[in-house]
Amino acid sequence: MGSDYPARLKARPRGYADTMGDERNWAGNLLYRASSIEHPESIDELRGLLTAGGSVRVLGSRHCFNDIADTTGSLIALDRMPQVIDISPARDSVRVSGGLRYGDIAPVLEEQGLALANLASLPHISVAGAVATGTHGSGDATGSLASAVRAVTVMTASGEVRSLARGDDGFDGAVVALGALGAVIDLTLDVEPSYQVAQHVFEHPSWDAILRDLGAVTGVGTSVSIFSTWQRTDVADQIWIKQRVPATRADAAERRAAREALAVSLGAAPAEGKRHPIIGVDPEACTEQEGVAGPWFQRLPHFKLEFTPSAGAEIQSEYLVPRLDAVAAIEAVRSLADRIAPLLLVNEIRTVCADDLWLSSSYGTDAVGLHFTWKPDEAAVRELLPTIEAALPASARPHWGKVFTLDGAEVRSRYPRWDDFAALVAKHDPERRLVNEYLERLGL
Ligand SMILES: Cc1cc2nc3c(=O)[nH]c(=O)nc-3n(C[C@H](O)[C@H](O)[C@H](O)COP(=O)(O)OP(=O)(O)OC[C@H]3O[C@@H](n4cnc5c(N)ncnc54)[C@H](O)[C@@H]3O)c2cc1C
């Protein structure tokens, strides 16, 4: 072990961190260099840790693949803090504490007849961590998870509690904030009446047909994912279509007809049985498919809470491009298929609706995400990424929580409000105690 191996690891936490080693991220590709990982159980304890001096960062559910959460000082996990899930009297929002995961709050909302508009591919991630990095699901009309945030409460490194609500000065910079403002102690999210979703999978759609009218493909359902291993460049592997169950039979018939017509136009066949995003992997961990309707939170994620999501041993990268650049971006990846395929577990293409959050990867533009789940060979992935990054349109924004090699100045240049964000960070953390190496590389 290196000399900076965590020296004061505390007893294993009771929360979601129970299932993981204390010192690594979920994927195991990062050993946190923190001198301690703390688990405060009250606001006062949290304040004591934040104001103790030295470098500090807050840790969520550890699902990032890079060192965004890391610090050489103290890491603070909020998973033992009091848990709050507080539905507003108007039943249009819910206030949740900073340590909770989507999988913790979704069943409670459902019990109350309420729902979120979107979820990521897995429910295991913390709400605060997902929002901090601009995490998203899929949907032409659905924003990133951060776009559901209507208020955020942060405890700064000096122990001061600051709340910002939608419309307040600085709010648009304080949501996707890379953990740079302080500990997010609670978030208020938009909610809506609960709804049901059914999931349909089609196999081997033609790439040429997809690229001729990408909008027709991504618009055919509430949430659409195109999966490819790039073993072949003539067809993608699968299209997953998640559809909110329409209110009337006529609407349902119309939706079914649209799906079937699209499948015919793409030369795709309905999957015979349940599928994993990676063909050949046991789909047991996946949420129900084959058109069986179920509650939103049991269909929007690809993976069930009680199973290890995704492939388990993997690392991930993702680039989001404006919709106008999407076909060029996919063609760029397609042209590199022979270099990408040997390292790839699966590529997923999704859509995200525009928002106004300064560091959101869909800031100011409807976006298409090109996500890569890689085999866990980070050195080889890092060797290939510059080639992919050079081939993608210059508008591509890397996912903050995944592996990328673009340099900080280049990343900054793709966010028109970067300087405003830097000013917001300076205001909240003048002593730069939350500025870690990752943020320094970005130029903070
Ligand atoms: C299997 C898998 C599937 C994934 N699927 C998707 C997907 O579908 N879509 C997508 O966009 N991304 C996806 N991701 C990426 C993931 O959503 C992001 O990495 C997200 O940030 C994870 O949240 P976390 O709490 O686990 O992050 P962590 O790594 O714990 O933290 C992330 C960042 O948030 C900050 N942070 C966490 N909690 C707080 C807090 N309370 N206060 C202040 N800062 C905080 C940390 O300091 C850090 O900067 C996936 C990751 C994995 C491993």
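Start at 1 and go down the list; that is how both ligands and their atoms are numbered.
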> Can you find an N/O atom of Glu318 closer than 3.5 Å to an N/O atom of ligand 1?
Replying inline: no
> Which of the listed options, Gly129, Ala27, Gly99, holds the heavy atom that is closest to atom 37 (C) of ligand 1?
Replying inline: Gly129
>> Using a 4.0 Å cut-off to any heavy atom of Ser121, which atoms of ligand 1 qualify?
In response: 3 (C), 4 (C), 5 (N), 6 (C), 7 (C), 8 (O)
>> Out of His63, Gln316, Lys402, who is nearest to atom 2 (C) of ligand 1 when you count heavy atoms only?
In response: Gln316
> Taking N or O atoms only and a 3.5 Å limit, does Ala128 qualify as a polar contact for ligand 1?
Replying inline: no
> To which of Tyr438, Tyr32, Phe65, Tyr102 does the heavy atom nearest atom 53 (C) of ligand 1 belong?
Replying inline: Phe65
> With a 4.0 Å heavy-atom cut-off (strictly under), which part of Ile68 contacts ligand 1: side chain, backbone, both or neither?
Replying inline: both
> Which ligand 1 atoms are under 4.0 Å away from a heavy-atom of Leu178?
Replying inline: 49 (O)
>> I'd like to check whether Ala132 has a polar contact with ligand 1, where a contact means an N/O of the residue lying under 3.5 Å from an N/O of the ligand.
In response: no
> Which is closest to atom 8 (O) of ligand 1 in terms of heavy atoms, Arg350, His371, His302?
Replying inline: Arg350
>> Tell me if the aromatic rings of Tyr32 and Trp26 count as close, with their centers under 6.0 Å from one another.
In response: no
> For Val58, is at least one N or O under 3.5 Å away from an N or O on ligand 1?
Replying inline: yes
